[in-house]
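Working notes, structure below.
For ligands, and for the atoms within them, numbers begin at 1 and follow the listed sequence. Just so it is clear, the model here is predicted, and its values are computed rather than measured.
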Amino acid sequence: TQHAEKSWDDELQQLLQTVPKEESWLSANGGVYLYQGFWCSARGLKSVISFQRHFQAFDSDVVVATFPKCGTTWLKALTFSTLYRTQFARDEIENPLLNFTPHQLVRFMELDVYLENPFPDLENICVYKPRLFATHIPFASLPTSIKDSKCKIVYMCRNPMDMFISLWNFISKLRYQSQEPPLSLDEAFDKFYRGTYAFGPFFEHVLGYWKASQENPNKILFLKYEDLKEDISCQLKHLAMFLGVPFTEEEEKQGVVEEIANICSFEELKELGVNNKGLHAFGVPNEIFFGKGKVGDWSNYLTPSMVERMEKLIQEKLVNSGLTF
Ligand code: A3P
């Protein structure tokens with residue numbers, strides 16, 4: 001009702017006035033706010049809270065969780081293809097990835113679905129079953145029913161230096177598109193260092209999922225971008241097993257694992273018409289989700305002093321966690 005909507009807007013306005021605020025990487029976003037330990041735009045916060053309050057998980061749900069720029073697009077494509085592989089014919093025409101972007105097939109809850117509507121019709125939005133969707137929200141802030149149910153979470157992280165350069169390139173393209181002046185690498189590094197960007201700080205995000213996956217390995221699969229780049233077949237088999245849909249011997253003999261790896265590869269996805277033109281659901285051009293898709297590209301950008309500061313930060317943040325990059 002109108003009354004409920006108004007009081008919810010008032011509540012949100014009050015919250016925004018009481019929490020710390022920082023300048024956003026994109027002025028169009030109007031600043032980022034610190035909520036439950038992570039930074040988020042005002043618009044994003046509204047849908048994060050709707051998602052937290054209204055979403056009801058099923059035990060059969062699968063959640064793709066990532067920090068932005070850690071390979072979300074790739075992980076969406078891989079999880080979609082693996083989970084639903086028996087639901088469409090193996091020939092080239094039938095594969096939904098050829099006609100829809102990974103972000104249309106596996107939608108973001110807080111950046112997309114709940115942004116449009118606080119009570120979305122999830123049965124229709126998740127066309128295939130079991131339901132599969134994505135989020136960038138830190139583990140601690142996920143809707144309670146995701147944490148308390150038996151639903152599964154696939155998380156992917158990436159070397160922080162590559163993630164940072166990927167983010168800087170992504171933001172630079174968005175700023176160019178909206179005719180904002182470029183953000184220097186120095187300025188961007190400072191923001192990264194302080195963690196003041198959407199869903200940041202990075203290390204707290206990664207550690208939250210890392211610890212949860214250590215405690216509950218059957219619920220949370222923790223993947224690294226670099227490991228997938230190194231041996232995609234092995235990681236895909238692992239993913240399928242975790243999702244409870246292991247590849248059969250017959251499938252392996254028929255080359256199904258390689259087929260999935262192939263169609264989801266950077267080179268294939270980037271070249272598809274659906275991915276290299278058009279606007280993404282939340283106003284971002286599809287093509288900028290594809291950069292170079294390489295490991296170690298940071299070495300072409302970071303100065304020695306940035307590398308030194310970053311290495312120190314990594315060491316400080318990950319000490320005694322058992323996690324390395
Ligand atoms: P680079 O900017 O280093 O090229 P996200 O999907 O989380 O936004 O992450 C984007 C990063 O993943 C970009 O990295 C992009 O090139 C890379 N990427 C996109 N699709 C990929 C794929 N199919 N395989 C490997 N990397 C991919």
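Protein heavy atom in closest approach to atom 3 (O) of ligand 1: R158 NH2, 2.8 Å. Of all protein heavy atoms, the one closest to atom 7 (O) of ligand 1 is T72 OG1, 2.5 Å. Remark: minimum distance from atom 12 (O) of ligand 1 to any protein heavy atom is reached at G71 CA, 4.0 Å. Among all protein heavy atoms, the one lying closest to atom 19 (C) of ligand 1 is F289 O, 3.4 Å. G291 N, 2.8 Å is the protein heavy atom nearest to atom 16 (O) of ligand 1. Scanning the protein heavy atoms around atom 26 (N) of ligand 1, the nearest turns out to be Y225 OH, 2.7 Å. The protein heavy-atom contact nearest to atom 6 (O) of ligand 1 is T73 OG1, 2.5 Å.
The two residues S149 and S145 make their nearest non-hydrogen contact at OG-O, 2.8 Å.
When each atom of ligand 1 is checked for a heavy atom of C70 under 4.0 Å away, the hits are 7 (O), 9 (O). In the vicinity of G293, heavy-atom distances shorter than 4.0 Å reach the ligand 1 atoms 1 (P), 4 (O), 16 (O). Near L269, with a cut-off below 4.0 Å to any heavy atom, the atoms of ligand 1 are 23 (N). Which parts of ligand 1 touch S265 is read off a 4.0 Å heavy-atom cut-off, strictly below it: atoms 23 (N).
For K69 and F202, the positive end is not near the middle of the six-membered ring at less than 6.0 Å and at most 45° from its axis. W74 carries K229 over the face of its six-membered ring, with the cationic atom under 6.0 Å from the centre and within 45° of the normal.
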Just do the ring-ring contact (aromatic ring centres under 6.0 Å, His included) check on F80 and Y84 with the steps written out, would you? CA-CA 6 Å; F80 179 90; Y84 302 137; 5.1 Å; yes
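Checked by atom type and distance alone, the side chain of K152 never pairs as donor or acceptor with a backbone atom of V63 at under 3.5 Å. Although no hydrogens or angles enter the test, the distance criterion places a donor-acceptor pair under 3.5 Å between the side chain of D162 and the main chain of G296.
Contact analysis leaves N169 out of contact with ligand 1, as no non-hydrogen atom separation drops below 4.0 angstrom.
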Donor-acceptor contacts, no H, no angles, side chain residues 300-312, under 3.5 Å, sequence neighbours left out:
from	atom 1	to	atom 2	distance (Å)
N300	ND2	D297	OD1	2.8
T303	OG1	M306	N	3.2

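Of the candidates W168, F164, F266, F266 brings a heavy atom nearest to atom 18 (N) of ligand 1. Comparing A77, S166, C264, A134 against atom 23 (N) of ligand 1, the shortest heavy-atom distance belongs to C264. Among K294, M163, K69, K76, the residue whose heavy atom lies closest to atom 8 (O) of ligand 1 is K69.
Ring pair F164/F192 is tilted by interplanar angle, where 30° to 60° counts as tilted.
Side-chain contact check for E268 and S265: no donor-acceptor pair (N or O, by modelled atom type) lies under 3.5 Å.
Among the candidates W8, Y114, F119, the single residue satisfying the ring-ring contact (aromatic ring centres under 6.0 Å, His included) test with H54 is F119.
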